[in-house]
Amino acid sequence: MRAWAAAAALAFAACSRPAPPAPAPKGALQTAVERASAAPACAGKIPGQWSYSWPVPVARDGRALYRIFFFGRDGDAQKGFAFHQAEGDALLAVDGTVLECRRGAVGAPLPPNPPLRAALPFETRLPMEGRLFALTQDVGGLFASGRPLSDDEKKRVSEYVKLVFDLSETGHSAAYKASNPEFWIWAEKNTAVVPALK
Amino acid sequence: MSRLALAVCLVLGPSPRAFAQASPPTAHQAPKTAAPVAAPPASAFPPEAEVRPFVRSYVDQYCGVQADRCADARALLAGYEDALGAVQACREKPCSFDVLYQISLQVKKLDLRAAELPFYPRYGHPLLRLSLLASIRLNAQAGELEARDGQKRSLPGVDESSASGIAKAVEKECLEDAALCPDLRTLYSEGMKLFSELAACKAAPCSFEATDLLVRRAGTGAAANASSRSKSTVLFAFLAQDQAEATRQLALLVDQRLLALSAGADKLSARLDALEKNAPDDPQALRRDSDALSEAYREASVGEDRLTFYLGYDKAAKRPAVNAASARLAGLRARALALMAARGLSLPPAADAAAVKPGASGKGAAPRAPQAATLLDARAVPNPAARGAPEAPPILPPTMNPLELMRRLASSDPVDGADVKRRLGQTATVGSPGLYAAQAYTQRFANTCAIATQVQVLRAHGLLPLNADPRAQEKELGDLAIARGFFDDGTPKNYSGELLIERGLLVSKINTGNLQELVEVFRRGHIAQLSVDGRYFWTGKDQSVPLPHAVLVTGLEVDRASGQVLGAYVNDTGTAPPGGGRFEPIEKLAKAMYGDMMEIQ
């Protein structure tokens, strides 16, 4: 009898449950970054299963481009992964065109599980990552424009810089800086606080 | 020096002592011009004092091992020495532009002959270093002349697309950066070999395997990597030309195979029409047609994937046509299997395509898959309802605990919701999650997810033995993928499913897939391999960066009333224990998707 009651209740509840919301579509820059390793410029250079960095803005002829670096990993989902140092990089446009792609030397594994960054739960990281991609496009446009920034724009640059360093591996800081030193100098000039590169 | 020592020296390169002890120039090697010459500045490039003794020493050694061309080499050396002498004379007493022009022409003629001499990759074409010396000095003198009389004139230029022009550019870079030289010479040597092999294939079309290998050689390895190190664009342009020709030949083969597929499918369709009208048929002929179609599909599909890898999806745009051919073949296969079952027909056993065609793989090609299934054997996994296949795994562990039931009832978690609906019979399962769940296992290596998905599919289709360890099969397939160029620290997206295609399975690849496409795959009765960010599935391991991963989507759970897809059953080899038929809500799947997917028909 109890099972019948539960079943009836389940049926009612199931019918009354609203449909789940449609997932938000990915932005153009995120899609471009996800597919960069499959671009012909990266053919034979960047394995599809390498992870990629967050994009760093690059200004070229007044156009906003983005540089990412790639790195392999050791380990597995159970024991955790040890990521490598940067082992290749690519310069891409927001439309997904990869303009340059290089493979460098094999990167040494980073120390496993850096305590600061890995502490963020995945559910917390995801919205931050979405925000980071949106901000990257925004900041990339500002950097390429070369004009002085308003206070609001400076806040967005600060937010971008903070997010990049909150969401990246400690051992990759130097690679982020090397992705485009000019950008970080510009960012430092245009933000109140730039976290130290650790 | 003995003949053997000379041969060793040419292959391994001379020791510094060998240069120090180089034979003095013979009479005809000595400069013909008078001794008191104004030597070029010590900083002049290339350094004449080093180049000339080096080249003379080289010719002596060359004669030791290449006696048949010794006279040519010595004549060339003498010719260059003459030209250099003339240049030096013009330095002493300025010459007219016409004289400089004539010397340039003479050097250019010598270059053509020098580039034709058989050469040793270790050495390249050292004689062309004398040509460089002469050209640079001549251009400098022409510049001085122009500065004096104000008349702008040009000496005959180097044809940078000719063998001599490319060899000369390599020698120039070798003089500028000796450390780079071995790579550049290897590149030049490989480029020239490719050039002649491509020319032969152009005259008489080569097999698919041979052409495929040429594309790989032109596009990867030392060539691609070292070309980015060369400062000169000449060598790069030459290699790019090789690559363009190789991909052009492969694209032509893909076109031919697509045409053959179309004609073959028409023929098979007509044969099936006749079978439906109870006309007698020859099982052997059906087998032959099936084998030919299977092989044409394999070559078209693998060829197109190779082209997308090197040229990109925009330039190699035949994938939709290959997908269409695959879909048509899948339809014909279903029709043929149904007809044969209805009429009690059986086909003779499939021929092993790799075994029956010795040499089909082409010179130096990696071995094909040991077992090449044919179209009519590589059947899709049948509808579980029709075959009594196992039911889909439970979404959540079964329970009669009223508290747990109430929790699921009240939960807003989509997994709970889907579980409740399925238990109440409000959903339908599409696909074959129960059948595939048994094939799930934990992948052996960190980068073999796409190989592991194929192992599961091949086992489910009976194309790999079920009594063997899937992890050993994964290693074996991984080695094969490396040999065939389908793997490099992971499976490039272009090559997902290649091991299935090589065994005669039909797949369609969707480069810009989305949820709608995924649902369509299951509507057609097939399953999919999906590229995802593994972090979405590997809870408890909050990684800081995206983790590209491939999973097998084996079924969907659909709400019967609304038709809404609630979630998908996934075989995930990245976890231990493996996710065999694990249910994932559709929202999570959509977020995790990388965009590309593969339909396995």
Side-chain angles (χ1 to χ4, degrees), chain A residues 2-3 5-7 9-15 17 19-24 26 31 33-35 37-41 43-54 71-78 80-81 83 102-103 114 117-126 129 167-169 172, chain B residues 219-220 224-225 228 308-312 315 400 402 405-406 408-410 412 414 417 420-421 423-424 426 442-443 446-447 449-450 488-494 511 531 533-539 541-549 562 564 574-576 585-587 590-591 594-596:
Chain A
R2 271 191 350 205
L10 279 173
F12 175 75
C15 293
R17 183 175 286 115
K26 288 178 180 174
T31 306
V33 169
E34 282 179 358
R35 296 183 183 178
S37 66
K45 296 175 187 166
I46 308 298
Q49 282 165 253
W50 278 9
S51 295
Y52 52 79
S53 72
W54 309 120
F71 44 95
R73 61 182 190 245
D74 300 324
D76 56 43
Q78 282 70 51
F81 292 103
F83 298 109
R102 297 179 296 191
R103 183 161 183 171
R117 314 274 161 78
L120 285 172
F122 188 47
E123 292 69 23
T124 311
R125 299 183 65 89
L126 283 180
E129 288 177 15
L167 292 174
S168 57
E169 295 284 334
H172 282 151
Chain B
T220 54
N225 291 332
S228 61
T308 62
F309 184 72
Y310 289 116
L311 302 179
K315 288 185 183 158
M400 284 307 289
L405 284 171
M406 290 306 288
R408 291 182 191 177
L409 178 70
S412 60
V420 167
K421 282 194 170 187
R423 284 174 195 285
L424 292 172
Q426 294 176 355
T442 300
Q443 68 193 62
N447 53 8
C449 52
D488 172 23
D489 198 7
T491 303
K493 291 173 186 178
N494 317 66
N511 188 35
S531 292
D533 179 351
R535 293 180 303 168
Y536 286 87
F537 297 151
W538 300 333
T539 53
K541 299 289 174 194
D542 298 327
Q543 299 293 340
S544 57
V545 293
L547 302 171
H549 183 51
S562 65
Q564 185 194 354
T575 58
I586 203 71
E587 305 83 33
K591 285 180 190 165
Y594 255 38
D596 59 311

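These values consider heavy atoms only, across backbone and side chains, with no hydrogens, waters or symmetry-generated copies.
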> On a heavy-atom basis, which atom in B:K493 and which in A:R35 lie closest, and how many Å separate them?
NZ-CA, 3.9 Å
> B:P548 and A:G48: which non-hydrogen atoms are nearest, and at how many Å?
CB-O, 3.4 Å
> Does a side-chain heavy-atom distance below 4.5 Å link A:L126 with B:Y536?
yes
> Can you check whether A:Q49 reaches B:T491 side chain to side chain, under 4.5 Å on heavy atoms?
yes
> Any non-hydrogen side-chain atom of B:V545 less than 4.5 Å from a side-chain atom of A:S53?
no
> Rounded to the nearest 0.5 Å, how far does CG of B:L547 lie from OH of A:Y52?
9.5 Å
> Which answer fits B:N494, side chain, backbone, both or neither, if we ask what part of it has an atom under 4.5 Å from a heavy atom of chain A?
side chain
> Return the set of residues passing ring pair (Phe, Tyr, Trp, His ring centres under 6.0 Å) with B:H549 (not counting sequence neighbours), or none when no residue passes.
B:W538
> At a heavy-atom separation under 4.5 Å, does A:W54 approach chain B through its side chain, its backbone, both, or neither?
side chain
> Heavy-atom distance under 4.5 Å between the side chains of B:P492 and A:P47, does that happen here?
no
> With a 4.5 Å limit on heavy-atom distance, are the side chains of B:P546 and A:E34 in contact?
no
> For the atom pair CG (B:D488) and CZ (A:R103), what is the distance rounded to the nearest 0.5 Å?
4.5 Å
> What residues, two or more places apart in sequence or in another chain, satisfy side chain to side chain donor-acceptor pair (under 3.5 Å) together with A:D74?
A:H84
> At a heavy-atom separation under 4.5 Å, does A:R102 approach chain B through its side chain, its backbone, both, or neither?
neither
